[in-house]
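One-based numbering, in listed order, for ligands and for the atoms of each.
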Amino acid sequence: MNFDLVIKDGTIATASDVVRADVGITDGRIVAVAERLTGGKRTLDAGGRLVLPGGIDAHCHLDQPQAPGAASKGAAMADGFRTGSISAAFGGTTTIVPFCVQHRGKSVTAAVDDYHRRASGQTVIDYAFHLIISDPTPATLGQELPALIRRGHTSLKVYMTYEALHLSDHQLLDVFATARRERAIVLIHAENHEILTWLAERLESEGRTAPKEHAASRPLPVEREATHRAVTLAEIIGVPLVVVHISGGDPLEEVRRARARGLTIIAETCPQYLLLTADDLDMPDMEGAKVMCSPPPRDVAAQAALWRGIQDGTVDIFNSDHAPYRFDSEGKLLAGPSASFRRVANGVPGLETRLPILFSEGVVKGRIDLSRFVALTATNNAKIYGLHPRKGTIAVGADADLAIWNPEKLVTIRNADLHHNVNYTPFEGLEVQGWPETVLSRGDVIVEERMLKASPGRGRFLEQKTSSAFPPESRSWT
Ligand code: DUC
Ligand code: ZN
Ligand code: ZN
């Protein structure tokens, strides 16, 4: 058999198996996984290194228009699709799913068209869009959403907090009912807006405005209550739900309880909740703003609870929640160098460091095995967001999106070495073992020897199919 490319002698890991084999690639797709493949126009010697599916980062924010009252608090995003996708590629990620936001009073279709323009010609890897619904009018739910879902946007995010984004329970029920009817998967940001606003006002009135008060204004019960309520609303409608960026044990427990009642609830966590704590917000000179995200990082007990959830299968997906605000007057310090925590953009960057962090802290430290790593970072995202089996696995017929990892490589994370456009990383100085040295997208080598080998614009928009969280409407075996 003739191949465009054969990757020789790799240790191939999927969400189910780890095998020693070669991978044959033709026309950008995997056409063979077998021992001793010959007939490649080109060969790439993996030399026993790990060959994993390229990562899918299904929670990242890129080039969202500036909007007061949102998580950004009006700040500008420093990464668009170009730098965001390049940074992702250097970290072994080959598909990104950022968010296209509908602002209140505006059409979601117009937002999608605008977001396509922002992405077009920019990316080095493939991409899809989640929709954010902030104004679920009858026109949005009755006409726009069904049409957009048919155009391949089968996932929507809704918020229970942020002045400009949060929906009432009544509105959430409306969105969930539409999602059930149209078979779209809903992601939810679960924090109780009333409680955290009340707490923030109290803290401010006492003059407590430093970054560390961000965590004080959003304690774990704020997230636990909202998670419980979100799950309850999903139960009333009978729709699957993804609870994103879970930060500790209590909300995870809500997921377990819901699953025990038979609900399909998917749980996501992110690197910042495994590695940071609220103490990291308590730094001089506003430095704590660098790690200010929502929900906030908690404590070591929360970290341990999340690792248990990762190990026992409660956590399904691991994404970055990359939110690219620079530590300067256009980003985190937009409201001034000593602004109240309420006026600081929420979010941390992490597209490039997501996979190496979980590989090092999870696989190398013996907390999870390779297949679980692949499931959490690629395969489960592909299935849940309607991209499987084209993305997220190594199988005949799948796109040849692959990362060849050196599991021994020691790297100290330094912002100077990263490729995003943010001027810090919350993981500065962290030592990790294991790094994706060669990255392929649809059979093209896009990163090799720490060099970018691809031009922006080669990445393609991906239409999402129905999420695997929905039972199939009909079965076909061919
Ligand atoms: N929280 C969000 O809700 N969005 C972006 C990042 C963050 O911290
Ligand atoms: Zn969120
Ligand atoms: Zn987010």
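Val244 lies apart from the Zn ion (ligand 2) in this respect, since none of its N, O or S atoms is found at a distance under 2.8 Å. The distance from the Zn ion (ligand 2) to the nearest N/O/S atom of His59 is not under 2.8 Å.
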Asp135 vs Thr137, side-chain hydrogen bond (donor to acceptor under 3.5 Å, both in side chains): CA-CA, chis, key distance, verdict = CA-CA 6 Å; Asp135 201 359; Thr137 62; 5.4 Å; no
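In terms of modelled atom types and a separation under 3.5 Å, the side chain of Asn380 and the main chain of Ile317 share no donor-acceptor contact. Not a single donor-acceptor pair under 3.5 Å links the side chain of Asp282 to the backbone N or O of Lys212. Proximity of a side-chain donor or acceptor of Glu144 to a complementary backbone N or O of Thr109 within less than 3.5 Å is detected.
Distances from atom 4 (N) of ligand 1 to the heavy atoms of Cys270, Ala71, Gly347 show the closest one on Ala71. For atom 3 (O) of ligand 1, the candidate residues are Met292, His322, His189; the nearest heavy-atom contact is made by His189.
In this structure, NE2 of His245 and ND1 of His189 enclose an angle of 90° at the Zn ion (ligand 2), rounded to 10°.
By the 6.0 Å contact criterion, CZ on Arg458 is enclosed, its count of non-hydrogen atoms from other residues, nucleotides or ligands being greater than 12. Shown here is His228, whose NE2 atom has no more than 12 heavy atoms of other residues, nucleotides or ligands within 6.0 Å.
No N or O atom of Tyr159 sits closer than 3.5 Å to an N or O atom of ligand 1. Looking at Ser294 next to ligand 1, an N or O pair under 3.5 Å apart turns up.
Just one of His59, His189, Gln272 meets the side-chain hydrogen bond (donor to acceptor under 3.5 Å, both in side chains) condition when paired with His245; it is His189.
Residue Tyr162 has at least one heavy-atom neighbour below 4.0 Å for each of these atoms of ligand 1: 1 (N), 2 (C), 3 (O). For ligand 1, the atoms lying closer than 4.0 Å to a non-hydrogen atom of Ala323 are 6 (C). Close contacts between ligand 1 and Cys293 involve ligand atoms 8 (O) [criterion: under 4.0 Å to a heavy atom].
Below 30°, between 30° and 60°, or above 60°: for Phe81 and Tyr115 the angle between ring planes is above 60°, a perpendicular geometry. Aromatic ring orientation, His420 versus His322: tilted (interplanar angle from 30° to 60°).
The atom of Asp321 nearest to the Zn ion (ligand 3) is OD1, with the search restricted to N, O or S atoms. Per residue His61, closest N, O or S atom to the Zn ion (ligand 3): atom name NE2.
The protein heavy-atom contact nearest to atom 5 (C) of ligand 1 is His61 NE2, 3.6 Å.
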